[in-house]
Amino acid sequence: MTGAVTAPRRWDPLVRLTHWSVAAAVVINRLVTEGGSQAHVWIGLAVAGLLALRLVWGFIGPVEARFSSFPPSPGRALAHIADIRAGRHVQHRSHNPLGALMAYALWATLAVTIASGIAMTGLPPKIHAEGGEGPPAAAATAGEAGEEGEEEGEDEGEGEGEGEEGAAEEIHEIAANLLLVLAALHLVGVAFETRRSGRQIVTAMIGGGDKPKEP
Ligand code: HEM
Ligand code: HEM
């Protein structure tokens with residue numbers, strides 16, 4: 001297989017749809033919406049739905065999309081690194097073994113982000129006033145509590161940031177930051193693989209086939 005470029009890779013519509021909507025939602029929730037606001041929570045829950053859809057697709061979708069085509073395997077990842085170092089070009093039908101590890105890492109981190117978010121809001125989600133867009137009644141109560149006495153006033157600062165919810169908040173923040181770090185590494189990986197293999201892998205994720213560069 002070395003050096004041989006076979007059929008161009010094409011991702012099916014569900015993989016493309018879930019990829020780009022999850023990517024957009026993560027960027028929006030990390031950089032645009034206010035943490036805990038109504039928009040933030042609903043976008044986060046939409047990501048949960050898209051992730052669930054993609055994970056089911058990993059069992060029943062077309063062969064390239066199946067987990068069995070890109071198992072998480074450190075051994076294969078090391079072999080892939082050896083291929084890169086030796087300048088060998090091995091064709092992989094689905095994600096290459098390093099890309100596969102990144103896909104699982106991204107999905108796992110997304111799952112932790114979503115689960116910790118839900119741990120804070122419950123289901124159906126209760127949007128807190130601290131989230132920025134809480135219901136006016138709740139905001140008013142929080143305000144009054146602050147004025148009523150020192151004890152409540154102090155409570156307001158940390159409020160529900162203690163105990164279980166505090167832990168969930170901490171985990172949520174760490175996971176959301178890790179998600180951005182992984183996404184940045186993912187982009188480096190995509191750029192590197194495009195350059196190394198000459199295959200248009202981004203085009204394949206957008207909708208066309210990934211045509212190899214003509215020699
Ligand atoms: C795409 C996934 C998500 C990302 C990238 C994300 C990211 C973030 C970030 C960066 C913060 C601010 C953390 C801080 O500085 O304190 C935050 C806060 C928050 N997020 Fe998310 N989030 C996501 C999904 C969710 C989901 C699914 C829920 C709930 C169902 C949720 C509920 C919250 C809440 C309640 C806060 C406020 C925490 C506080 O009180 O400080 N998030 N999120
Ligand atoms: C926060 C942003 C992003 C996240 C969370 C993310 C996540 C993922 C995941 C989970 C996969 C595996 C897809 C699957 O099998 O369903 C993937 C693949 C891919 N992503 Fe992203 N992605 C992000 C941004 C981007 C961007 C901006 C680009 C384009 C420059 C991109 C290009 C690709 C490509 C080309 C693949 C397929 C790689 C291959 O051929 O093996 N991603 N991404």
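Just so you know, ligand 1 is whichever comes first in the structure, and atom 1 is the first atom listed for that ligand. For the single chain, residues carry numbers from 1 onward in sequence order. Values reported hereafter were calculated over all heavy atoms of this structure, with side chains retained and with hydrogens, waters and symmetry mates removed. Please read all numbers here as calculations on a predicted model, not as lab measurements.
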Just let me know how [X] lines up against ligand 2, side chain, backbone, both or neither, with a heavy-atom cut-off below 4.0 Å.
{"X": "Ala183", "value": "side chain"}
{"X": "Trp20", "value": "side chain"}
{"X": "His95", "value": "both"}

Exercise. Do Lys126 and Thr121 have side-chain heavy atoms sitting under 4.5 Å apart?
Worked result: no

Problem set entry | Check: Val15 and Met205 side chains under 4.5 Å, non-hydrogen atoms |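 Yes; the side chains approach each other to less than 4.5 Å.
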
Is a side-chain donor or acceptor of [X] paired with a backbone partner of [Y] at a separation under 3.5 angstrom?
{"X": "Thr109", "Y": "Ala105", "result": "yes"}
{"X": "Asn29", "Y": "His40", "result": "yes"}
{"X": "Arg85", "Y": "His80", "result": "no"}
{"X": "Ser69", "Y": "Val63", "result": "yes"}

Could you check [atom] against the protein and tell me its nearest heavy-atom contact, residue, atom and distance included?
{"atom": "atom 10 (C) of ligand 2", "value": "Trp107 NE1, 3.4 Å"}
{"atom": "atom 7 (C) of ligand 2", "value": "Leu106 CD1, 3.4 Å"}
{"atom": "atom 36 (C) of ligand 2", "value": "Met205 CE, 3.7 Å"}
{"atom": "atom 35 (C) of ligand 2", "value": "Ile201 O, 3.4 Å"}
{"atom": "atom 40 (O) of ligand 2", "value": "Arg9 NH1, 2.6 Å"}
{"atom": "atom 3 (C) of ligand 2", "value": "Ala23 CB, 3.6 Å"}
{"atom": "atom 34 (C) of ligand 2", "value": "Val190 CG2, 4.0 Å"}

Exercise. Do any nitrogen or oxygen atoms of Ser94 come within less than 3.5 Å of a nitrogen or oxygen of ligand 2?
Worked result: no

Exercise. Does Thr18 come within less than 4.0 angstrom of ligand 2, counting non-hydrogen atoms of the residue?
Worked result: no

Only heavy atoms of [X], strictly under 4.0 Å: list the atoms of ligand 1 that pass.
{"X": "Thr121", "result": "29 (C), 30 (C), 35 (C)"}
{"X": "Ala176", "result": "7 (C), 10 (C)"}
{"X": "Arg30", "result": "10 (C)"}
{"X": "Gly44", "result": "24 (C), 27 (C)"}
{"X": "Gly35", "result": "17 (C), 18 (C), 19 (C), 36 (C), 37 (C)"}
{"X": "Ile118", "result": "29 (C), 30 (C)"}

Can you figure out which of [options] has its heavy atom closest to [atom]?
{"atom": "atom 5 (C) of ligand 1", "options": "Leu180, Val22, Asn29", "value": "Asn29"}
{"atom": "atom 24 (C) of ligand 2", "options": "His186, Glu64, His92", "value": "His186"}
{"atom": "atom 14 (C) of ligand 2", "options": "Arg16, His19, Arg54", "value": "Arg54"}

Below 4.0 angstrom from a heavy atom of [X], which ligand 2 atoms are there? Numbered from 1 as shown, please.
{"X": "Ala103", "value": "12 (C)"}
{"X": "Val202", "value": "35 (C)"}
{"X": "Leu187", "value": "25 (C), 26 (C), 27 (C), 28 (C), 30 (C)"}

Exercise. Is the number of heavy atoms from other residues, nucleotides or ligands under 6.0 Å of Arg66 CZ greater than 12?
Worked result: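 Yes - once you tally the heavy atoms of other residues, nucleotides and ligands closer than 6.0 Å, there are more than 12.
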
Just how far is it from atom [atom1] of [X] to atom [atom2] of [Y], taken to the nearest 0.5 Å?
{"X": "Leu106", "Y": "Leu179", "atom1": "CG", "atom2": "CG", "result": "6.5 Å"}
{"X": "Arg54", "Y": "Trp107", "atom1": "CZ", "atom2": "CH2", "result": "4.0 Å"}
{"X": "Ser94", "Y": "Phe67", "atom1": "OG", "atom2": "CZ", "result": "10.0 Å"}

Exercise. Can you name the closest pair of heavy atoms from Pro125 and Leu45 and give their distance?
Worked result: CG-CD1, 3.9 Å

Exercise. Shortest non-hydrogen contact from Ser116 to His172?
Worked result: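 Closest approach of Ser116 to His172: OG-ND1, 3.1 Å.
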
Exercise. So if you build clusters from Ile, Leu, Val, Met, Phe, Trp, Tyr with side-chain heavy-atom gaps below 4.5 Å, do Leu185 and Leu110 land together?
Worked result: yes

Problem set entry | Hphob cluster co-occupancy, Val181 + Phe192, side-chain heavy atoms under 4.5 angstrom |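 Shared cluster, no.
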
Exercise. Below 3.5 angstrom, do we get any N/O pair linking His172 and ligand 1?
Worked result: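 Yes; the residue has a nitrogen or oxygen that sits under 3.5 Å from a nitrogen or oxygen of the ligand.
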
Exercise. Does the side chain of Arg76 come under 3.5 Å of the side chain of Asn96 through a donor N or O and an acceptor N or O?
Worked result: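 Not at all, the side chains of Arg76 and Asn96 share no donor-acceptor pair under 3.5 Å.
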
For this session: For atom 21 (Fe) of ligand 1, find the closest N/O/S atom belonging to His40 and write down its atom name.
Result: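 Atom name returned: NE2.
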
